[in-house]
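Everything numeric here is computed off the predicted structure, so don't read it as measured data. Quick note on labels: first sequence line is chain A, next is B, and so on, each numbered from 1.
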Protein chains: 2
Amino acid sequence: MITELKENYGYLFEDALLNEINNVGTFKEVPEGYMLMDIGDYIKSMPLLVSGAVKILREDDKGDELLLYFIERGDTCAMTLSCCMGQKKSEIRAVAETPTKLIMIPVEKMSEWMSKYKSWQNFILQSYHDRMTELLEAIDSIAFLKMDERLFKYLKDKAMVNRNDEIQVTHQNIAFDLHTSRVVISRLLKSLENKGKIILNRNNIKILDL
Amino acid sequence: MITELKENYGYLFEDALLNEINNVGTFKEVPEGYMLMDIGDYIKSMPLLVSGAVKILREDDKGDELLLYFIERGDTCAMTLSCCMGQKKSEIRAVAETPTKLIMIPVEKMSEWMSKYKSWQNFILQSYHDRMTELLEAIDSIAFLKMDERLFKYLKDKAMVNRNDEIQVTHQNIAFDLHTSRVVISRLLKSLENKGKIILNRNNIKILDL
DNA sequence: TATAAAGTGTAACCAATGTTACTGTGTGCT
DNA sequence: AGCACACAGTAACATTGGTTACACTTTATA
């Protein structure tokens, strides 16, 4: 684990902290689609992403979903953190977008390190800031963009975290993430294809205009 | 200033910290409508709200606005904080919703106190968590509610921060906050009035179903 | 290979919201 | 009083997005 740690977090944390993480953290590897956290869960540990990507979703009372953003390597989930501290329930759902490797840190340490290591403190604050920025971006998309623009942005973001200009996804699953219907997505995808921005195939979309 | 400080933050901070705040903070009183911060501003100090309320807005490229949430007494703006630390620009606009009193803390102190006072650390983390929760609530409203539900929620929130079941506002200004058009708001307000939920008058809306 | 299931394309229709345009009515000012 | 202006009501219409329905194709599986 120490190798992965140094590779992804070595530039952030001093050796003493890296060693502490190595001692108390547990390595975890999950497949695509694995649900790391659900709405209402109580959280006992915080994840540091080593590789892969995790998508963060919001859900309403009726069970309708909405994709908020992706978390990638070198990042953490700041929500976890504040949930841990206040013993609160998770407000969001986290699902592995790709096969993902993480290091789980027990809650107690997290707060202890806040005072002990300046670098940890900065990391946590930076993480909060990044997450807020991404929430704001999500708000921009929903509030200011039309569905076709949101869709194209979604495709590009997804291609980004998958590091591939071809993404494997069904129209139905896109509809879930964007909180709309399959028919609407099919219609808009076809229109994007006609404009030469993508190429459609069963379970596969190639993005041309990245 | 020390009186207001103790009244609003005494239960949170130890005396030593209250004294430090008293020494370095500057008291500020602004009228309704005063813009405390704009998008793109560099921030040099962080506000602690003593009384009143501040509304936080997002804006897109075309200048269209959207209300995110209100900040009230006993609260701070966590965005400010992360902006300060990273020397980044503000992502949001802050406008006094009512006459407002605040204490401004210079950036340097903020980060110094993070290590020095556990209570300050908790306050900051709590504030981040609260702000994220409110952003999520904003997302819920935009993504999952219809315009008439959003409107009624808006009216209730506004009544809350104004501590009054009658709010003074024009249909046009509501339209700005909810990022829609005046005609749509007038139409929906009239429908809410017909349902017996509000009473409409020029520049004034009384909320019955609080 | 037969059959079922999942995925996609598309038409027709509906509902919600946005737009344009015009009317009337208070309010403040001269 | 007379005038200008901000504010509100409302009709008519356009657009976007959501819904229903059905046909067709590919993939999985008995």
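Listed in residue order, the members of residues 141-151 of chain B having a heavy atom less than 4.0 Å from DNA chain C are B:Lys146, B:Met147.
Qualifying side-chain hydrogen bond (donor to acceptor under 3.5 Å, both in side chains) partners for B:Glu108, counting only residues two or more places apart in sequence or in other chains: none. Under the side-chain hydrogen bond (donor to acceptor under 3.5 Å, both in side chains) criterion, A:Glu137 pairs with A:Lys153, not counting sequence neighbours.
Recorded end-axis angle for the helix from C:dT1-D:dA30 to C:dT30-D:dA1 stands at 30°, based on five pairs per end and rounded to 10 degrees.
Atom pair A:Leu200:CG and C:dG9:P shows a separation of 6 Å (rounding to whole Å applied). In this structure, B:Lys190 places its NZ atom 17 Å from P of D:dC7, rounding to the nearest Å. Whole-Å rounding puts the A:His171 NE2 to D:dG18 C1' distance at 17 Å. Between A:Glu193 atom CD and C:dT8 atom C1' the separation is 11 Å, expressed in whole Å. For B:Asn204 and D:dA6, the CG to C1' distance is 16 Å, given to the nearest whole Å. When rounded to the nearest whole Å, the span between CG of B:Asn201 and C1' of C:dG26 equals 11 Å. Between the P atom of D:dG17 and the CD1 atom of A:Ile185 lies a distance of 10 Å, rounded to the nearest Å. Atom CG in B:Leu192 sits roughly 15 Å away from atom P in D:dA8 (whole-Å rounding).
Contact annotation: B:Ser186 does not reach the phosphate of D:dA8 (side-chain N/O to OP1 or OP2, under 4.0 Å).
One finds no salt bridge joining B:Asp209 and B:Lys195 here, because no Lys/Arg side-chain nitrogen approaches an Asp/Glu carboxylate oxygen to under 4.0 Å. Taking 4.0 Å as the cut-off between side-chain N and carboxylate O, B:Lys146 and B:Glu149 do not count as a salt-bridged pair.
Here the side chain of B:Thr100 pairs a donor or acceptor atom with the backbone of B:Ala53 at under 3.5 angstrom. A donor-acceptor contact shorter than 3.5 Å is absent between the side chain of B:Glu59 and the backbone of B:Asp64. Under a 3.5 Å cut-off, the side chain of A:Asn164 and the backbone N or O of A:Glu166 do form a donor-acceptor pair.
Of the residues near DNA chain D, A:Thr180 and A:Asn203, the one whose nearest nucleotide (by heavy atom distance) lies more toward the 5' end is A:Thr180.
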Scan nucleotides 24-26 of chain D against the protein and return all N/O pairs shorter than 3.5 Å with their distances rounded to 0.1 Å.
| from | atom 1 | to | atom 2 | distance (Å) |
| --- | --- | --- | --- | --- |
| D:dT26 | O2 | A:Arg202 | NH2 | 3.2 |

Considering only nitrogen or oxygen atoms on both sides, find all protein atoms under 3.5 Å from nucleotides 20-22 of chain D and state each distance.
none

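Proximity of B:Tyr9 to B:Ile21: side-chain heavy atoms (C-beta onward) are nowhere separated by under 4.5 Å.
If you take CG on A:Leu48 and CD on A:Glu4, they are separated by 12.5 Å, rounding to the nearest 0.5 Å. Of the inter-residue distances, the one linking A:Leu57 atom CG with A:Leu68 atom CG reads 7.0 Å to the nearest 0.5 angstrom.
Heavy atoms of other residues, nucleotides or ligands lying less than 6.0 angstrom from CE of B:Met104 number more than 12.
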**Report entry** Worked verdict on B:Asn203 versus B:Thr170 for side chain to side chain contact (heavy atoms under 4.5 Å, CB included)
**Finding:** CA-CA 5 Å; B:Asn203 282 319; B:Thr170 66; 2.9 Å; yes
**Report entry** Audit row: A:Glu7, A:Arg73, salt bridge (charged side-chain N to carboxylate O under 4.0 Å, His left out) steps and yes/no
**Finding:** CA-CA 11 Å; A:Glu7 222 168 80; A:Arg73 133 165 207 262; 5.9 Å; no
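Side chain of B:Arg187, nearest nucleotide from D:dG9, D:dT19, C:dT19: C:dT19.
Under the 30°/60° scheme for interplanar angles, the aromatic rings of B:Phe123 and B:Trp120 are found to be tilted.
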